[in-house]
Asks: 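Let me begin by handing over the structure; questions about it come next.
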Amino acid sequence: MFEWMPILKGKYFTAEQYLQILVLVNLLIFGLIFYKQKKFKNLVSITINLAILSFSWFGDFKYLSLIILIIYNRNSLSRIIIVVILYLLTYDVCFAMHNIDQGFIFSLDGAAFSTQFTRLFLDNNKFHSYITLTQYHNAIIFNFQIQDQSNYVVYCNSVQQRITNTKLYDRYVYHSVIKVDKQQNKIQIFDDSKLIGEYYYYDFNSTNIVIIDGGDSGYTETSIQIWKAMESLPQIDAINIGGDVAYDNGFIQCTTCWDKFLDLYENLCKQKGKLIPLIFSIGNHDVGRVTDPQLLYNNQQNSKVPNIIQMFPQQLINKQIPQVQDRTSYFVHRIGPINFITIDSGYMTNSESQKEFLQNCIEKNKVNLVSYHVPVVPLQVEDEKFLWNLGDELNKAVLVFEHHKHNFKRTKRIQVLKSDSKLKVYPGNTYYVGNGAMGIQSANKVEHAIIEKSSRQAHFWVYNYDNGLQYVYAINKDGNRIDYFDIDQFKVK
């Protein structure tokens with residue numbers, strides 16, 4: 001979807017702009033409904049009702065607009081019933097993608113639309129616990145979401161931890177920085193003296209590490225199969241989702257999309273008997289940018305910061321979790337001998353602003369893995385400056401994970417160099433794999449001379465570091481291995 005959408009002043013619609021068009025269309029439909037009712041034959045009355053109703057789309061006025069609607073139509077019970085029904089079908093809108101069972105009013109070509117009223121009929125669990133990593137090898141962030149605020153206390157190995165929380169739409173999100181000094185760690189959540197959650201986290205074995213990579217998940221029949229297929233793996237130490245994680249389109253109201261995604265994650269964690277760290281890249285459907293990554297997100301008010309940033313802190317500032325508005329969209333996680341580096345494709349931070357960061361993260365005596373959302377190889381660049389600014393450092397990574405295109409691909413070992421003011425591809429040391437097909441499958445394969453293998457299959461990648469040996473393979477939704485290759489043995493120089 002959206003490839004056919006018209007271009008306005010050289011830029012594609014954002015999800016929010018697309019929703020505004022839906023609002024205008026809906027108001028036109030409502031106007032026709034009003035006009036067909038004998039009680040609404042007066043055009044002035046219709047206009048006033050539509051004007052009041054339009055304010056229900058804005059969170060600060062939604063309840064006030066309902067009260068005004070009722071007062072304005074107080075002399076006619078039928079008019080009150082009509083405007084209340086229309087109000088219930090238009091306030092607190094979620095415009096999401098690739099999600100099933102979400103209380104949607106309608107779903108069209110992968111796009112779906114719901115309101116707070118339709119979501120009341122969902123039986124969604126709002127209590128979730130998960131781990132995110134920091135830039136420090138001995139510090140993790142334990143997070144949990146819950147509907148009600150209370151006197152929660154977090155313990156790790158019987159030691160009380162400091163917690164912080166923020167309010168996010170229909171829930172509270174709690175975070176706790178935990179210093180890891182043991183291989184096995186028991187984490188508990190208490191509500192006063194009542195135990196409400198108990199989990200285990202196992203620190204990395206630096207000689208044998210398994211990292212899962214995928215992207216573009218959502219909650220679909222395909223993603224349910226993919227997450228189920230992960231259960232067959234004997235070892236999973238971290239999961240990287242390279243953007244378009246829950247397909248909430250950056251709408252604060254679409255938290256139920258995250259409920260469904262976290263259900264998939266929690267089912268896997270229960271099967272493995274531990275919490276598995278999550279690593280997320282920023283994708284267009286995470287920030288509400290439907291296509292063009294050059295539409296940079298720059299609104300720093302908490303109410304507008306995407307859910308993915310508010311729910312999943314992935315770095316520390318001065319050894320503490322930064323305020324929401326201070327969190328970045330790019331970070332590094334040190335996993336044993338691995339530097340796992342996450343770059344923003346340009347949705348919240350442009351590539352030039354990340355150049356120095358990437359230079360500092362690439363280390364000669366480490367295994368450097370990089371992940372971002374939009375594929376730039378084979379030179380299908382949506383942010384023209386991405387490879388120009390970051391290509392030299394990407395050439396030093398052994399493996400780069402790309403996503404967004406919803407197909408399967410692996411390149412030959414390549415490097416991208418600048419020549420005559422142009423970017424050209426030569427044989428090198430870096431594999432590029434992708435392309436984000438955990439929940440959605442594309443109709444197209446990747447065709448290019450530098451592509452070693454490509455298909456349309458939904459899949460996830462497995463990277464295994466084993467005492468210096470490096471193995472990479474892909475598994476499809478049926479649990480079958482569809483690709484395998486190894487990388488040169490890593491040796492500290």
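Every heavy atom of this structure was used, including side-chain atoms; hydrogens, water molecules and symmetry mates were not. For reference, positions follow the sequence shown, starting with 1.
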Asks: Aromatic rings F485 and Y431: how do their planes relate, parallel, tilted or perpendicular, breaks at 30° and 60°?
Replies: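 Tilted.
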Asks: I need the minimum non-hydrogen distance between H373 and S345, along with the two atoms involved.
Replies: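 Taking H373 first and S345 second, the nearest heavy atoms are N-OG, 3.2 Å.
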Asks: Given the rule in the side-chain contact (heavy atoms from CB on, under 4.5 Å) test, do W388 and E352 qualify, once you have shown the distances and angles that lead to the verdict?
Replies: CA-CA 9 Å; W388 192 264; E352 187 174 1; over 6 Å; no
Asks: Considering residues, nucleotides and ligands other than K167, do more than 12 of their heavy atoms fall under 6.0 Å from its NZ?
Replies: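 Above 12, so yes.
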Asks: Which heavy atom of Y347 sits nearest to which heavy atom of H404, and what is that distance?
Replies: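 Residues Y347 and H404, closest heavy atoms: OH-CE1, 4.3 Å.
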Asks: Evaluate the pair C254, C94 and indicate whether the two SG atoms are within a distance below 2.5 Å.
Replies: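 Correct, these two cysteines form a disulfide.
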Asks: Above 12 or not: heavy atoms from other molecules or residues under 6.0 Å from NZ of K228?
Replies: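 Not more than 12 within 6.0 Å, no.
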Asks: Can you classify the ring geometry of Y247 versus H285 as parallel (below 30°), tilted (30 to 60°) or perpendicular (above 60°)?
Replies: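 Plane angle between 30° and 60°, so tilted.
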Asks: Can you give me the closest heavy-atom contact between H403 and D213, atom names plus distance?
Replies: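 Between these two residues, the closest heavy atoms are NE2-OD1, 2.9 Å.
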Asks: Take W227 and Y219 through the ring-ring contact (aromatic ring centres under 6.0 Å, His included) test and state the conclusion after the steps.
Replies: CA-CA 10 Å; W227 282 86; Y219 186 76; over 10 Å; no
Asks: Could you check whether the rings of F204 and Y201 sit parallel, tilted or perpendicular, using 30° and 60° as the cut-offs?
Replies: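 F204 and Y201: perpendicular rings.
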Asks: Determine the minimum heavy-atom distance between Q441 and R456, stating which atoms define it.
Replies: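 Shortest heavy-atom separation between Q441 and R456 comes out as NE2-O, 3.3 Å.
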Asks: Hey, can you tell me if F144 and F142 have their rings parallel, tilted or perpendicular (30° and 60° cut-offs)?
Replies: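 F144 vs F142 ring planes: tilted.
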Asks: Is there a side-chain contact between D483 and W461, using heavy atoms and a 4.5 Å cut-off?
Replies: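 Yes - at least one pair of side-chain heavy atoms lies under 4.5 Å apart.
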Asks: About how many Å separate CG of D259 and CD of E266, when rounded to the nearest 0.5 Å?
Replies: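 The CG atom of D259 is 9.0 Å from CD of E266, to the nearest 0.5 Å.
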Asks: Under 3.5 Å, side chain of N389 to main-chain N/O of S351, donor-acceptor pair present?
Replies: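 Side chain of N389 to backbone of S351, a donor-acceptor pair under 3.5 Å: no, none is there.
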Asks: Hey, do the aromatic rings of W258 and F312 have their centres closer than 6.0 Å?
Replies: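 Yes, close enough.
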Asks: For V398 and N429: C-alpha separation, side-chain torsions, deciding distance, then whether side-chain contact (heavy atoms from CB on, under 4.5 Å) applies.
Replies: CA-CA 6 Å; V398 296; N429 298 310; over 6 Å; no
Asks: Using a 4.5 Å cut-off on heavy atoms from C-beta on, say whether the side chain of L394 contacts that of V370.
Replies: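 Side-chain contact under 4.5 Å: yes.
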Asks: Check for me whether K319 meets the cation-pi criterion with Y136, that is, NZ or CZ under 6.0 Å from the six-membered ring centre and within 45 degrees of the ring axis.
Replies: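 Yes, K319 lies over the aromatic ring of Y136.
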Asks: Would you indicate whether the side-chain heavy atoms of I335 and L369 approach each other to under 4.5 Å?
Replies: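 Side chain of L369 against side chain of I335, heavy atoms only: no contact under 4.5 Å found.
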Asks: R334 and Q135: which non-hydrogen atoms are nearest, and at how many Å?
Replies: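 Minimum heavy-atom separation between R334 and Q135: NH1-O, 3.0 Å.
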Asks: Is there a side-chain contact between F261 and N99 in this structure, where contact means two heavy atoms from C-beta onward sitting under 4.5 Å apart?
Replies: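 Heavy-atom side-chain distance check fails, nothing below 4.5 Å.
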Asks: What's the verdict on side-chain contact (heavy atoms from CB on, under 4.5 Å) for V177 and L316, showing C-alpha distance, side-chain angles and the deciding distance?
Replies: CA-CA 9 Å; V177 179; L316 303 180; 3.7 Å; yes
Asks: Is there a donor-acceptor contact under 3.5 Å linking the side chains of Y463 and Q470?
Replies: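 The answer is yes; a qualifying pair exists.
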Asks: Please step through ring-ring contact (aromatic ring centres under 6.0 Å, His included) for the pair H128 and Y130, ending with a clear verdict.
Replies: CA-CA 7 Å; H128 307 285; Y130 48 93; 7.8 Å; no
Asks: Quick one: does T255's side chain get under 4.5 Å of D248's, heavy atoms only?
Replies: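 A side-chain contact under 4.5 Å is absent here.
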Asks: Has the side chain of K412 got a donor or acceptor atom that lies under 3.5 Å from a matching backbone atom of A449?
Replies: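 Yes, because the side chain of K412 sits within donor-acceptor range (under 3.5 Å) of the backbone of A449.
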Asks: Carefully, step by step, assess M230 and N267 under the rule side-chain contact (heavy atoms from CB on, under 4.5 Å).
Replies: CA-CA 11 Å; M230 290 185 198; N267 288 338; over 6 Å; no
Asks: Check V376, V416, I343 against L390 for a side-chain contact (heavy atoms from CB on, under 4.5 Å) and give me the one that passes.
Replies: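 Single pass found, and it is I343.
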Asks: For a quick test of reading the model, state the closest non-hydrogen atom pair linking D170 to Q147 and the distance between them.
Replies: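 Smallest interatomic distance, heavy atoms only, reads O-CG, 3.9 Å.
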Asks: Flag the pair I338 / I211 as yes when at least one side-chain heavy-atom distance between them is below 4.5 Å, and no otherwise.
Replies: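 With C-beta onward as the side chain, the pair touches.
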Asks: Are V287 and I282 packed together at the side-chain level, in the sense that at least one heavy-atom pair is separated by less than 4.5 angstrom?
Replies: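 Yes - at least one pair of side-chain heavy atoms lies under 4.5 Å apart.
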Asks: Quick check on Q235: does its CD atom have over 12 non-hydrogen neighbours (other residues, nucleotides or ligands) under 6.0 Å away?
Replies: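 More than 12 heavy atoms, drawn from other residues, nucleotides or ligands, come within 6.0 Å of this atom.
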Asks: Side chains of V433 and F401, heavy atoms from C-beta outward: is any pair under 4.5 Å?
Replies: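 Yes, their side chains come closer than 4.5 Å.
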Asks: Sub-3.5 Å donor-acceptor pair from the side chain of R327 to the main-chain atoms of Q310, do we have one?
Replies: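 Yes.
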Asks: How about E402 and Y372: does a side-chain donor come under 3.5 Å of a side-chain acceptor?
Replies: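 Y372 and E402 do have a side-chain donor-acceptor pair below 3.5 Å.
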Asks: For the residue pair Q314 / T342, report whether a side-chain donor-acceptor contact shorter than 3.5 Å exists.
Replies: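 No, Q314 and T342 have no side-chain donor paired with an acceptor closer than 3.5 Å.
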Asks: Can you name the residues that form a salt bridge (charged side-chain N to carboxylate O under 4.0 Å, His left out) with K355, not counting sequence neighbours?
Replies: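 Testing K355 for salt bridge (charged side-chain N to carboxylate O under 4.0 Å, His left out), a comparison that skips the adjacent residues, returns none.
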Asks: Between S129 and Y199, do the side chains contain an N or O donor and an N or O acceptor separated by less than 3.5 Å?
Replies: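 Yes - a donor-acceptor pair under 3.5 Å links their side chains.
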Asks: Among V374, D216, N407, which residue meets the side-chain contact (heavy atoms from CB on, under 4.5 Å) test with N435?
Replies: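 Of the listed options, the one satisfying the test is N407.
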Asks: Answer yes or no: is there a donor N or O on one side and an acceptor on the other, between the side chain of K418 and the main chain of D392, under 3.5 Å?
Replies: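 Absent.
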Asks: Looking only at the side chains, is there a donor atom on one of N464 and N208 sitting less than 3.5 Å from an acceptor on the other?
Replies: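 Yes - a donor-acceptor pair under 3.5 Å links their side chains.
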Asks: Under 3.5 Å, is there a donor-acceptor pair between the side chain of S217 and the main chain of S223?
Replies: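 Here the side-chain-to-backbone pair does not exist.
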Asks: Any donor-acceptor pair under 3.5 Å linking the side chain of K272 with the backbone of E231?
Replies: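 Yes.
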Asks: Looking only at atom types and distance, does a side-chain atom of Q145 sit under 3.5 Å from a main-chain N or O of M311, one as donor and one as acceptor?
Replies: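 No, Q145 side chain to M311 backbone: no donor-acceptor pair under 3.5 Å.
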Asks: Does a donor on one side chain and an acceptor on the other come within less than 3.5 Å for T132 and N143?
Replies: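 A pair is found: one side chain offers a donor N or O, the other an acceptor, under 3.5 Å apart.
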